[in-house]
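What follows is one structure encoded as structure tokens, with my remarks underneath.
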Amino acid sequence: MKPIILALSSLNSVNAHYVFSRLIANNIVTKDFEYIRPLPLKNDGSDWTGVLAPLTDPLSLAFRCGPNATTSGPQTKTMEVRAGDTVGFEMGEPHFRYGNFDPYDVPRLYHPGPLTVWLSKAPNDDLDSYTGDGDWFKILQVIERTEQSIELDKRVLFQEYPSTRQWGAYLTPNWNFTIPATTPPGKYLLRFEHIQAGIVDGSYVAKTQYYQNCAQISIVNEGSRIGTPGPLVKIPGTYADGQPEFIWDDWDMNFDIKKFKMPGPAVWQG
Ligand SMILES: *[C@@H]1O[C@H](CO)[C@@H](O)[C@H](O)[C@H]1NC(C)=O
Ligand SMILES: *[C@@H]1O[C@H](CO)[C@@H](O)[C@H](O)[C@H]1NC(C)=O
């Protein structure tokens with residue numbers, strides 16, 4: 001029998017999706033799209049096939065802050081945080097449900113794949129009109145499991161899901177990380193990105209799926225050390241269409257996550 005998690009993974013690839021809709025800051029999990037630039041969702045949040053369909057083109061503008069996301073933010077709140085603070089995200093509504101089947105009880109990062117977080121400073125601190133066309137740098141990359149990774153419940157996953165191929169953020173409902181202590185003060189877009197493999201089944205080839213949303217934050221830094229973030233990149237522009245590292249076989253039980261090489265710039269440590 002094929003492991004069910006992989007069956008669900010294939011199913012999800014057709015119609016499923018998840019959103020980084022809740023910013024975590026100052027130990028508060030904020031409301032859906034309160035600090036995240038909104039998507040044109042229906043009020044009942046039921047639009048699975050429209051704007052929440054997975055994005056498959058990493059060269060499109062939608063790759064920046066999500067399909068149909070607003071390109072400016074006057075309707076979005078901006079959260080003040082200090083450089084060095086712990087912030088995070090929680091996956092929010094709407095989210096894909098598979099009946100009442102755990103692990104689909106709460107919104108989660110349903111797909112196996114790498115998680116990254118990025119920052120881009122708005123020119124003249126004008127975040128409301130900033131479209132994100134400036135420079136971006138990466139501040140977090142989660143590939144292998146860490147102490148924040150969730151325990152994968154074998155009763156649900158049934159099988160065989162060797163630790164050598166478990167992605168760190170797989171099925172997580174939320175994740176916390178640090179804004180580098182030497183980040184220059186100013187107003188920033190904080191972008192969350194998660195990627196699902198391009199091939200989900202040995203016999204079925206699908207395009208890589210990209211999930212991303214942007215929060216608005218204002219970073220205060222009264223410290224004596226102000227760093228120079230980098231490497232700087234443009235988004236879109238970090239990955240090619242058909243990026244080879246993002247095509248792997250979810251059915252391959254021999255896949256070794258330690259051999260995965262994340263394309264794109266190095267993480268800025270601050
Ligand atoms: C992240 O922080 C929030 C708020 O403090 C907390 O509710 C959540 O459990 C944390 N997540 C993890 C994985 O530690
Ligand atoms: C979302 O964007 C796509 C193109 O990227 C477009 O075809 C579609 O009509 C848009 N939907 C809404 C609700 O704006």
Side-chain angles (χ1 to χ4, degrees), residues 5 8-9 12 16-38 45 65-66 76-98 101-119 138-157 161 163-181 183 188-196 211-221 257 260 262 267-270:
I5 190 62
L8 290 172
S9 165
N12 286 1
H17 21 249
Y18 34 92
V19 287
F20 299 90
S21 56
R22 301 169 188 164
L23 174 69
I24 297 174
N26 304 307
N27 288 318
I28 295 165
V29 180
T30 59
K31 296 196 191 78
D32 290 310
F33 296 103
E34 191 181 4
Y35 291 88
I36 307 289
R37 287 198 174 173
C65 292
T76 307
K77 291 189 195 169
T78 300
M79 177 68 87
E80 189 171 295
V81 299
R82 283 183 309 279
D85 273 2
T86 297
V87 300
F89 62 79
E90 186 165 275
M91 310 311 290
E93 299 294 351
H95 88 278
F96 175 75
R97 281 188 176 76
Y98 191 70
F101 191 63
D102 189 25
Y104 296 85
D105 51 349
V106 297
R108 294 173 188 276
L109 279 184
Y110 303 123
H111 297 312
L115 165 73
T116 53
V117 178
W118 309 70
L119 278 174
K138 197 195 285 182
I139 60 168
L140 179 75
Q141 186 162 289
V142 181
I143 309 289
E144 293 175 44
R145 291 173 66 80
T146 80
E147 68 286 349
Q148 282 193 79
S149 301
I150 67 158
E151 206 56 52
L152 296 175
D153 187 338
K154 291 198 171 53
R155 288 168 307 166
V156 173
L157 305 179
Y161 185 48
S163 59
T164 46
R165 58 178 303 275
Q166 286 176 12
W167 294 87
Y170 185 43
L171 288 178
T172 195
N174 52 40
W175 201 271
N176 297 311
F177 56 91
T178 304
I179 298 288
T183 305
Y188 288 81
L189 285 175
L190 174 69
R191 176 176 176 275
F192 309 113
E193 173 189 296
H194 191 245
I195 295 171
Q196 146 80 1
Y211 296 88
Q212 56 286 300
N213 293 98
C214 294
Q216 296 194 169
I217 62 171
S218 175
I219 298 178
V220 175
N221 191 346
I257 202 165
F260 177 77
M262 187 72 186
V267 172
W268 185 63
Q269 307 288 351

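It should be emphasised that the depicted structure is a prediction, and the values quoted were computed from it without experimental measurement. When a ligand or atom number is given, it counts from 1 through the structure's own listing order. What you see below is based on every heavy atom in this structure, not just the backbone, and it leaves out hydrogens, waters and symmetry mates.
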Is it the case that the side chain of Thr178 and the backbone of Pro180 share a donor-acceptor pair, with hydrogens and angles ignored and the cut-off at 3.5 Å? no
So, does Ser149 use its side chain to make a donor-acceptor pair with the main chain of Gly168 at under 3.5 Å? yes
Examine distances only and state if a side-chain atom of Asn176 and a backbone atom of Thr86 form a donor-acceptor pair shorter than 3.5 Å. no
Within the side chain of Asn26, is there an N or O that forms a donor-acceptor pair under 3.5 Å with the backbone of Glu80? yes
Between the side chain of Asn213 and the main-chain N/O of Val19, is any donor-acceptor distance below 3.5 Å? no
Is it true that a side-chain atom of Arg82 and a backbone atom of Ile179 form a donor plus acceptor pair closer than 3.5 Å? no
Residue shell for ligand 1, any heavy atom closer than 4.0 Å, reads Ile24, Asn27, Gln148, Asn174, Asn176
